[in-house]
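Below: the structure, in structure tokens.
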Amino acid sequence: MSLQKAAITGIGTYVPDDKLTNADLEKMVDTNDEWIVSRTGIKERRILPKGLGLSYMGEHAVKQLLEKTNTDPLDIDLIICATITGDYRFPDTANQIAMKVGANNAYGFELGAACSGFLYALQTGSKFIESGTHKKVIVIGGDVMSSIINYEDRSTCVIFGDGLGAVLLEPSPDEDGIHNAIMKADGSGVDFLFMKAGGSKNPIDAELLVAKEHLVFQNGGPVFKRAVQGMSSTVKDVLALNGLTRDDINWVVPHQANIRIIQTVASMLDFPMERVMVNIEKFGNTTAGTLPLALNDYESKLKKGDKVILTAFGGGFTWGSLYLTWAYDS
Ligand code: ACO
């Protein structure tokens, strides 16, 4: 007997109004629009005003999601929030969002995994539905990357932005929904992309603050290579697992880290860019936010039954690909 599938039944998103353009960055660090666009594909990013935090974006996105799907917040069982930039180190931001939207019967938790966070959370949320114990699960992916970026480091500050998306998972009435996923991790990647200080290993002190070691450090070259390899290999593995070829797939939804990574993955899969979701030019890399923000931008083009592969790579290293068939017409 096959398990009850979990289906995405709606999307809600929030991006801040304030834009940080390439022209703005030219005034802050030694960079230029031509370098940023040609090396990353990014034209602008959104920046959340200080003092609001991730739960502010989560509240707005989830309220939009509840309205779009005509869902009573009291019917929500569980909220999983993928992020590396929660409001506080503790307590948990998922529960702050539950409180703000009136999901008073829900419990929730945060999930790390950096840029693969939404994918990990989607896979996790689907299991709660498949087991039959939960009927309405909200999966959130988002980050306030501006809170952890060093705006004196030109190699990272041009890439990242703020944004968040949320999806509702419900039991599928038919065979459409989340089919399966292949998730991977390699902890030896830690030194290439991480925040050196601020965790229990190196608690913040004045010296670390002055050295800006509480902010994102990335050695971009090796991360680029591993991202291309990790995303393309797990897409191939997911295709094989489901007995599909690239021609069967309507859409690939890649993590939006760098347009050159996306193009290289598409080319390695021999997959046409017309069927690859891309919105990196508007928002940059919002870490756990990129996949739901891309799905939202393409929602009107998605049709019930469309075969979709989501793929991501992030700090950790973490990566993977997930196969679903879209469950509704917009
Ligand atoms: N403007 C102008 N020049 C720059 C800039 C900039 N913003 N940034 C770097 N440069 C310079 C470098 O100093 C270097 O100059 P040099 O040759 O004189 O030394 C030159 O440009 C090339 O630098 P590279 O680092 O080789 O540039 P690259 O083409 O690799 O692009 C980038 C850097 C954009 C960071 C790329 O490596 C990348 O996208 N990496 C992967 C990012 C990613 O996928 N991260 C994972 C997800 S994020 C997460 O999980 C939180």
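Along the sequence shown, the residues carry numbers beginning at 1. None of these values were measured; they are calculated from a predicted model. Both counts, for ligands and for their atoms, begin at 1 and track the order of listing.
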Based purely on interatomic distance, does [X] place a nitrogen or oxygen under 3.5 Å from a nitrogen or oxygen of ligand 1?
{"X": "Gly220", "answer": "yes"}
{"X": "Asn32", "answer": "no"}
{"X": "Asn285", "answer": "no"}
{"X": "Arg260", "answer": "yes"}
{"X": "Gln218", "answer": "yes"}

Apply salt bridge (charged side-chain N to carboxylate O under 4.0 Å, His left out) to residues Lys307 and Asp247 and explain how you reach the verdict. CA-CA 10 Å; Lys307 295 181 173 65; Asp247 296 334; over 6 Å; no

Does [X] approach ligand 1 within less than 4.0 angstrom via side chain, backbone, both or neither, non-hydrogen atoms only?
{"X": "Ile159", "value": "side chain"}
{"X": "Thr156", "value": "neither"}
{"X": "Val29", "value": "neither"}
{"X": "Phe224", "value": "both"}
{"X": "Ala257", "value": "side chain"}
{"X": "Asn258", "value": "side chain"}
{"X": "Ile261", "value": "side chain"}

Residues Val228, Met268; criterion side-chain contact (heavy atoms from CB on, under 4.5 Å); working and verdict
CA-CA 9 Å; Val228 166; Met268 284 172 81; 3.2 Å; yes

For [X], the ligand 1 atoms whose distance to one of its heavy atoms is below 4.0 Å:
{"X": "His255", "answer": "47 (C)"}
{"X": "Leu193", "answer": "46 (C), 48 (S), 49 (C), 50 (O)"}
{"X": "Val158", "answer": "7 (N)"}
{"X": "Phe313", "answer": "47 (C)"}
{"X": "Gly221", "answer": "37 (O)"}
{"X": "Arg39", "answer": "28 (P), 29 (O)"}
{"X": "Gly315", "answer": "49 (C), 50 (O)"}
{"X": "Ser155", "answer": "8 (N), 35 (C)"}

**Report entry** Contact with ligand 1 for Ile36, non-hydrogen, under 4.0 angstrom
**Finding:**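 Contact absent.
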
* Hey, which of Glu34, Arg45, Glu44, Lys43 is the one that makes side-chain hydrogen bond (donor to acceptor under 3.5 Å, both in side chains) with Asn22? ->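 With Asn22 as partner, Glu34, Arg45, Glu44, Lys43 yield a single side-chain hydrogen bond (donor to acceptor under 3.5 Å, both in side chains), made by Arg45.
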
Taking the basic N atoms (NZ, or NE/NH1/NH2) and the acidic carboxylate oxygens, is any pair closer than 4.0 Å for [X] and [Y]?
{"X": "Lys304", "Y": "Asp176", "result": "yes"}
{"X": "Lys63", "Y": "Glu59", "result": "yes"}
{"X": "Glu170", "Y": "Lys135", "result": "no"}
{"X": "Glu26", "Y": "Arg154", "result": "no"}
{"X": "Asp297", "Y": "Lys282", "result": "yes"}
{"X": "Asp186", "Y": "Arg226", "result": "yes"}

Starting from [atom], what is the nearest protein heavy atom, named by residue and atom, and what distance separates them?
{"atom": "atom 46 (C) of ligand 1", "result": "Val223 CG1, 3.5 Å"}
{"atom": "atom 23 (O) of ligand 1", "result": "Trp35 CZ2, 4.5 Å"}
{"atom": "atom 11 (C) of ligand 1", "result": "Arg154 NH2, 3.6 Å"}
{"atom": "atom 1 (N) of ligand 1", "result": "Thr31 OG1, 2.6 Å"}
{"atom": "atom 49 (C) of ligand 1", "result": "Cys115 SG, 2.6 Å"}

Q. Would a 4.5 Å heavy-atom cut-off, applied to side chains only, mark Thr40 and Ile280 as touching?
A.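 Not in contact.
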
**Asked** Going by the angle between their ring planes, with limits at 30° and 60°, are Tyr56 and Tyr14 parallel, tilted or perpendicular?
**Response**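 Correct class here is perpendicular.
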
Give me the atom names and distance for the closest heavy-atom approach of [X] to [Y].
{"X": "Ala103", "Y": "Ile79", "result": "CB-CD1, 4.3 Å"}
{"X": "Leu310", "Y": "Phe118", "result": "CD2-CE2, 4.3 Å"}
{"X": "Ala121", "Y": "Leu111", "result": "CA-CD1, 3.9 Å"}

From [atom1] ([X]) to [atom2] ([Y]), nearest 0.5 Å:
{"X": "Ile11", "Y": "Thr69", "atom1": "CD1", "atom2": "OG1", "value": "11.0 Å"}
{"X": "Phe271", "Y": "Ile309", "atom1": "CZ", "atom2": "CD1", "value": "7.5 Å"}
{"X": "Asn95", "Y": "Ser55", "atom1": "CG", "atom2": "OG", "value": "11.5 Å"}

Indicate whether [atom] is within a distance of less than 4.0 angstrom of some protein heavy atom.
{"atom": "atom 20 (C) of ligand 1", "value": "no"}
{"atom": "atom 7 (N) of ligand 1", "value": "yes"}
{"atom": "atom 16 (P) of ligand 1", "value": "no"}
{"atom": "atom 29 (O) of ligand 1", "value": "yes"}
{"atom": "atom 44 (O) of ligand 1", "value": "yes"}
{"atom": "atom 3 (N) of ligand 1", "value": "yes"}
{"atom": "atom 39 (O) of ligand 1", "value": "yes"}

Step through the shown structure and confirm whether more than 12 heavy atoms of other residues, nucleotides or ligands are within 6.0 Å of NZ on Lys303.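 Atom NZ in Lys303 is not packed in, count stays at 12 or less.
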
Item to complete: Show the numbers, then the answer: is there a side-chain contact (heavy atoms from CB on, under 4.5 Å) between Tyr151 and Met28?
Response: CA-CA 7 Å; Tyr151 284 97; Met28 296 160 66; 3.7 Å; yes

